[in-house]
Protein chains: 2
Amino acid sequence: MGVKDSKTEQLIKDTAKRLFLTEGRMLATTQDIADAAGVNRTLLHYYFRSRDVLFDLVFKEALRELRERIQSVMLSTAPFREKIENLINVFFEELIKSPYLETFIVLQMNQDPGKYEELFRTLPGGEQKMKIFFKEIQAEMDKGTIPEMKPIHFFMNFFSLMAYPFVARPIYEKMFDLNDAAFKKLVRERKKVILLSLFKNHEV
Amino acid sequence: MGVKDSKTEQLIKDTAKRLFLTEGRMLATTQDIADAAGVNRTLLHYYFRSRDVLFDLVFKEALRELRERIQSVMLSTAPFREKIENLINVFFEELIKSPYLETFIVLQMNQDPGKYEELFRTLPGGEQKMKIFFKEIQAEMDKGTIPEMKPIHFFMNFFSLMAYPFVARPIYEKMFDLNDAAFKKLVRERKKVILLSLFKNHEV
DNA sequence: GTCTATAGCGGGATAGAC
DNA sequence: GTCTATCCCGCTATAGAC
């Protein structure tokens with residue numbers, strides 16, 4: 001493969017990524033993608049064999065990146081509260097880059113939960129890592145900085161507070177008559193709000 | 001229309017509802033629905049003209065019911081904390097009946113935000129009603145029972161904590177190796193957890 | 001590596017017999 | 001009101017020329 005080849009291949013992949021993850025056009029056809037990339041539709045098949053393969057590729061790549069960034073923060077040695085702040089920053093950063101990634105994940109997993117299970121199933125050694133994070137959560141409860149609950153509930157709370165506004169974005173936009181700028185402003189504010197809501201010490 | 005007619009019509013609608021909302025088969029074809037109902041596929045067109053019409057009918061009905069139940073609690077005269085408890089109960093009751101309703105809403109709104117806007121846009125007089133609820137939230141902050149934030153953030157927090165676990169269900173099931181019973185148990189526990197997380201007085 | 005042409009299928013929808 | 005037969009379209013995918 002020469003330089004020119006891989007350039008076209010990359011162009012198609014990037015375009016697909018943009019349509020799927022940034023613009024939320026999850027049902028974009030091969031023709032849509034080819035048009036947006038300005039190439040002949042057959043090239044999509046030439047490089048990726050089928051729409052499914054391209055689709056999975058984009059999805060898995062984005063998901064792997066998000067997971068790795070989150071995991072690396074989750075397993076860092078930072079103090080608990082700082083770790084939570086870092087997780088919020090990473091999550092929001094990724095979700096602002098790919099506003100539809102979260103919706104995309106939810107959709108895919110609901111459509112065919114078996115297909116991507118290896119992406120979520122605890123990795124070798126991962127279970128141990130999750131336990132370490134859960135132990136940290138428990139330690140915070142013992143210190144009294146967060147309310148008493150099973151660590152898994154704290155975990156669910158955390159991700160619910162971060163992720164839901166992104167998947168429910170169009171609903172909130174209608175409900176409260178928000179434009180793009182207003183929504184983004186809310187999202188920025190939420191970084192503090194989430195901290196405020198997770199910790200018992202209600203000061204920021 | 002005789003009795004027999006409307007019986008078939010109802011059967012098709014109920015089956016579609018079951019596939020779409022209970023089993024999460026949101027991409028079920030007209031053939032799938034007809035097969036599941038045990039009727040000829042043409043009857044679906046006979047009664048509902050097109051798949052789209054049937055689809056919208058099911059979606060709008062379910063959504064209207066959920067919205068009405070939530071609104072009636074939200075605007076009741078119950079004390080704030082009791083009102084929140086009632087909202088949690090109503091929401092969970094509906095979501096356990098139709099586990100995919102929330103995912104369905106999110107998906108539809110992301111797919112085509114304009115199509116269903118009248119279902120979310122503030123109704124005539126609705127804006128006023130929302131303002132009343134927001135005033136109640138503000139009053140609670142003044143009393144010091146919930147942390148200080150814009151009411152809209154409290155609102156988002158509340159619905160995030162309730163709704164996200166339902167849309168992310170397949171993810172959590174993989175991630176923590178949960179079976180159906182284990183997930184349902186977690187959801188039941190969350191009623192208390194959500195209360196615990198919303199209010200400053202961290203006792204239940 | 002890129003194009004044109006075409007095959008093939010799955011799905012929605014309708015006509016018309018019963 | 002219910003069925004069979006058929007049409008039509010959009011989309012994926014591939015063969016084969018350049």
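Per chain, numbering begins at 1; letters A, B, ... match sequence-line order. Both backbone and side-chain heavy atoms feed into the values below; hydrogens, waters and symmetry mates do not. Note that this is a predicted model, so its numbers are computed, not measured.
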Let's see if you can work this out: which of [options] has an atom nearest to the side-chain heavy atoms of [X]?
| X | options | answer |
| --- | --- | --- |
| A:L43 | D:dT6, D:dT4, C:dT2 | C:dT2 |
| A:T29 | D:dC11, C:dG1, C:dG12 | D:dC11 |
| A:H45 | C:dC3, D:dA13, D:dT6 | D:dA13 |

Next item on the list: Please determine which of A:L44, A:I12, A:D35 meets the side-chain contact (heavy atoms from CB on, under 4.5 Å) test together with A:T30.
Entry: A:L44

Check: In whole angstroms, how far is the C1' atom of D:dC18 from the OH atom of A:Y46?
Finding: 14 Å

Note to self: Under a 4.0 Å threshold between the charged nitrogen and the carboxylate oxygen, would A:E94 count as salt-bridged to A:K97?
What the structure shows: yes

Next item on the list: Give one of base, sugar-phosphate or nothing for A:R49, where a contact means two heavy atoms less than 4.0 Å apart.
Entry: sugar-phosphate

With a 4.0 Å cutoff (strictly under), does any side-chain N or O of [X] reach OP1 or OP2 of [N]?
| X | N | value |
| --- | --- | --- |
| A:T30 | D:dT12 | yes |
| A:T8 | C:dT2 | yes |
| B:T42 | C:dA13 | no |

Note to self: Between the base of C:dG11 and the side chain of B:R51, is one N or O donor paired with an acceptor at under 3.5 angstrom?
What the structure shows: no

Margin query: I'd like to know whether NZ of B:K135 has more than 12 heavy-atom contacts from other residues, nucleotides or ligands below 6.0 angstrom.
Written below: no

